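Below, read A as the first sequence line, B as the second, and so on, with proteins coming before strands; counting in each chain starts at 1. What you are looking at is a predicted structure, and each value in this text was computed from that prediction instead of being measured.
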Amino acid sequence: MPELPEVETIARGLRRAIVGAQILAVEVRKPKMAQAPAGLDFSAALRGECIEAVERRAKYVVIALGSGRRLLTSLRMTGRLVVQAPGERDFPATYVVLDLSDGRRLAFADTRTFGRMRLIEPNEAWDAEIGPEPLERAFTGERFGAILAKRRTPIKALLLDQRRVAGIGNIYACESLWLAGIRPSRPAGSLRGPARERLRRSIIDVLERAIEMRGTTVDDYVDAEGLKGGFQNALAVYGRLGEGCLRCGSPIRRTVIAGRGTWWCGQCQR
DNA sequence: CCGTTGCCCTGCCAGC
DNA sequence: TGCTGGCAGGGCAACG
């Protein structure tokens with residue numbers, strides 16, 4: 001499930017691989033997965049574009065194009081964005097293929113077809129509603145405090161809300177709350193002082209360590225080279241129902257918050 | 001405005 | 001063995 005660390009890993013891999021390449025041809029095999037602004041044809045608009053940069057914003061891979069347009073990719077749960085050598089076989093469920101000038105291909109595959117590519121006009125403020133990047137300087141204690149203040153929603157639900165903080169998904173929400181020793185159901189606004197600062201630092205720490213280990217592969221995730229991540233071996237709570245807490249030994253519990261499975265330690269998360 | 005619920009979609013797996 | 005139902009979940013729409 002690509003979240004911030006996985007998307008960051010993919011974006012870094014793509015940056016090395018495809019910046020400077022030109023898009024020669026585009027094949028869309030499932031039209032709903034390749035969206036363009038009104039009046040534009042996705043394939044025709046991309047044909048001939050140069051790839052100038054690859055960035056990440058929240059859980060989106062952002063490919064900056066010569067025209068000033070941008071190609072966004074949202075991988076959702078099972079999406080893959082992989083660079084393939086000439087003649088290499090398709091991944092299963094490959095739905096959009098960009099043929100590059102050097103013969104390689106950028107393939108977008110997704111078994112569950114929840115993922116999307118979306119072409120964005122140069123001046124479109126597509127990320128106006130998305131919250132601050134937790135690994136940037138602007139994610140200060142003061143800013144985090146303002147985001148949590150007076151919110152009665154469970155802190156776990158708030159962390160998953162991309163309008164509040166960018167890039168955190170279910171795995172890293174669970175892991176950050178465990179590291180900070182905070183119960184996932186706690187009202188966001190009840191976190192103040194040291195607990196709130198512990199959570200902010202835990203979010204940053206967990207995301208940075210996960211990026212170092214090239215993300216978490218639970219089942220599907222692979223990076224731009226098709227390689228699995230390593231952080232699944234460092235998970236403290238996610239998916240560990242009934243196993244011992246790494247801090248206190250009591251069994252990890254599972255509940256549902258905001259419609260998502262939530263793993264946590266009833267003993268040391270308060 | 002705010003917060004919650006349901007839907008999209010397929011693969012996997014426990015249970016019968 | 002083969003089927004079925006439940007679960008996995010990011011982002012969005014609909015609802016109260």
Using a strict 4.0 Å threshold on nitrogen-to-oxygen distance, state whether A:K59 and A:E3 make a salt bridge. no
Answer with base, sugar-phosphate or nothing: what part of the nucleic acid does A:K30 contact at a heavy-atom distance below 4.0 Å? nothing
At a cut-off of 3.5 Å, list every protein nitrogen or oxygen paired with a nitrogen or oxygen from nucleotides 1-4 of chain B, distance to 0.1 Å.
{"residue": "B:dT4", "atom": "OP2", "partner": "A:T153", "partner atom": "OG1", "Å": "3.1"}

Rounded to whole Å, the CH2-C1' distance (A:W263 to C:dG9) equals 10 Å
In a check of salt bridge (charged side-chain N to carboxylate O under 4.0 Å, His left out) between A:R57 and each of A:E136, A:E129, A:E8, A:E133, which one passes? A:E133
So, OP1 or OP2 of C:dG9: does either fall under 4.0 Å of a side-chain N or O from A:Y238? yes
Kindly assign one of parallel, tilted or perpendicular to the pair A:W126 and A:Y60, based on the angle between their ring planes and the thresholds 30° and 60°. perpendicular
With sugar-phosphate taken as primed atoms, P, OP1 and OP2 and all else as base, the protein-contact string of nucleotides 11-16 of chain C at under 4.0 Å (heavy atoms; B, S, -) is BS----
Whether A:E197 and A:R200 form a salt bridge (side-chain N of Lys/Arg under 4.0 Å from carboxylate O of Asp/Glu) is what I want to check. yes
Between its two end axes (five pairs each) the helix from B:dC2-C:dG16 to B:dC16-C:dG2 turns, nearest 10 degrees, through 50°
Among C:dG10, B:dG11, C:dC7, the one nearest any side-chain atom of A:R254 is C:dC7
Would A:Y238 and A:W178 count as a close aromatic pair, with their ring centres under 6.0 Å? no
Within this structure, what is the CZ-to-C1' distance between A:F114 and B:dC8, rounded to whole angstrom? 4 Å
Atom CZ of A:R112 to atom P of C:dG9: distance rounded to whole Å? 9 Å
Between A:Y95 and A:F108, does the ring centre distance come in under 6.0 Å? no
